Amino acid sequence: QVQLVESGGGLVQPGGSLRLSCAVSEGIFNLYAMSWFRQAPGMQREKIAFINNGGRTAYVDSVKGRFTISRDNAENMVYLQMDSLKPEDTAVYYCHAEDPWKTEYWGQGTQVTVSS
């Protein structure tokens, strides 16, 4: 069973930075499409960043230019570098993987709070 474990969340002041990490336990990681989602209180979960197995990335407009997704296929890791954080970025952030057979896997989530 593929497991995803996020880390790196926490409390940060507006304008600060955080780096989220997601470790994928097994599988053919280099074939997975990886994404980061977030869910704020009372809101639907939304996809905010994507990276495919070829390294192509895409971002939702609200984080474009501030967040960067990357992956390390040798270490089975995906990262989300978050800069210029705003209070509206406060949410639980989830790592997501999809294998070539369209099976999806989710992490347990990590809380990010942006507040002074």
Side-chain angles (χ1 to χ4, degrees):
Q1 177 71 14
V2 176
Q3 292 186 324
L4 281 62
V5 179
E6 301 101 334
S7 60
L11 173 64
V12 63
Q13 292 188 340
S17 297
L18 280 176
R19 188 194 196 205
L20 304 183
S21 300
C22 174
V24 180
S25 64
E26 59 182 78
I28 312 172
F29 177 78
N30 62 314
L31 297 182
Y32 291 171
M34 302 298 300
S35 301
W36 286 95
F37 286 69
R38 69 184 180 188
Q39 187 168 20
M43 304 291 285
Q44 288 189 334
R45 192 174 296 189
E46 65 168 342
K47 181 188 283 189
I48 59 169
F50 166 86
I51 185 166
N52 71 3
N53 58 356
R56 180 179 66 86
T57 61
Y59 301 91
V60 70
D61 285 347
S62 59
V63 308
K64 203 173 291 184
R66 300 188 299 122
F67 291 9
T68 304
I69 188 171
S70 61
R71 64 190 296 161
D72 183 339
N73 288 341
E75 298 293 332
N76 284 20
M77 297 289 295
V78 64
Y79 304 98
L80 186 68
Q81 177 67 41
M82 304 186 295
D83 299 317
S84 303
L85 283 160
K86 305 175 181 180
E88 52 263 44
D89 294 318
T90 295
V92 178
Y93 284 69
Y94 297 90
C95 182
H96 172 272
E98 183 177 282
D99 70 18
W101 301 274
K102 305 303 182 186
T103 303
E104 297 181 70
Y105 307 94
W106 291 93
Q108 81 287 352
T110 184
Q111 176 70 46
V112 171
T113 303
V114 185
S115 175
S116 55

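Note: hydrogens, waters and symmetry copies are ignored here, and every other heavy atom, side chains too, is used. None of these values were measured; they are calculated from a predicted model.
The minimum heavy-atom distance linking P14 with S115 is given by the pair CD-C, 3.6 Å. Shortest non-hydrogen contact noted between I48 and V63 is O-CG2, 3.5 Å. Heavy atoms only, all atoms of each residue included: P100 and Y32 are closest at CD-CD2, 4.4 Å. Shown here for Y59 and I69, the closest heavy-atom pair between the two residues is OH-N, 2.9 Å.
Going from atom CD1 of I51 over to atom CE of M34 covers 9.5 Å, rounded to the nearest 0.5 Å. Here the straight-line distance linking atom CD of E6 with atom OG of S21 works out to 10.0 Å at 0.5 Å rounding. For the atom pair T110 OG1 and Y93 OH, the distance stands at 10.5 Å (nearest 0.5 Å). Put simply, CD on E98 and OG1 on T103 are 8.5 Å apart, with the number rounded to the nearest 0.5 Å. Atoms OH and CG, on Y94 and L4 in that order, are 13.0 Å from each other to the nearest 0.5 Å. To the nearest 0.5 Å, atoms CD (E46) and OG (S35) are separated by 12.5 Å.
Of the possible donor and acceptor atoms, one in the side chain of S25 sits under 3.5 Å from a partner among the backbone N and O of Q3. With T90 contributing its side chain and V114 its backbone, the two residues share a donor-acceptor pair below 3.5 Å.
Follow the hydrophobic side-chain contacts under 4.5 Å out from F67 and you never reach V92; the two are in separate clusters.
Between L18 and V112 the shortest side-chain heavy-atom distance falls below 4.5 Å. Counting heavy atoms from C-beta on, the side chains of R71 and F29 come closer than 4.5 Å.
Within 6.0 Å of the CD atom in E88, the count of heavy atoms belonging to other residues, nucleotides or ligands exceeds 12.
For F37, the ring pair (Phe, Tyr, Trp, His ring centres under 6.0 Å) partners two or more places apart in sequence, or in a different chain, are H96, W106.
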Quick one, V24 with Y105, criterion side-chain contact (heavy atoms from CB on, under 4.5 Å). Give me CA distance, side-chain angles, the key distance, then yes/no.
CA-CA 10 Å; V24 180; Y105 307 94; over 6 Å; no
Quick one, D89 with K86, criterion salt bridge (charged side-chain N to carboxylate O under 4.0 Å, His left out). Give me CA distance, side-chain angles, the key distance, then yes/no.
CA-CA 5 Å; D89 294 318; K86 305 175 181 180; over 6 Å; no
N/O donor to acceptor pairs below 3.5 angstrom from side-chain atoms of residues 74-85, sequence neighbours left out:
| from | atom 1 | to | atom 2 | distance (Å) |
| --- | --- | --- | --- | --- |
| Q81 | NE2 | D83 | OD1 | 2.9 |
| D83 | OD1 | S17 | OG | 2.7 |

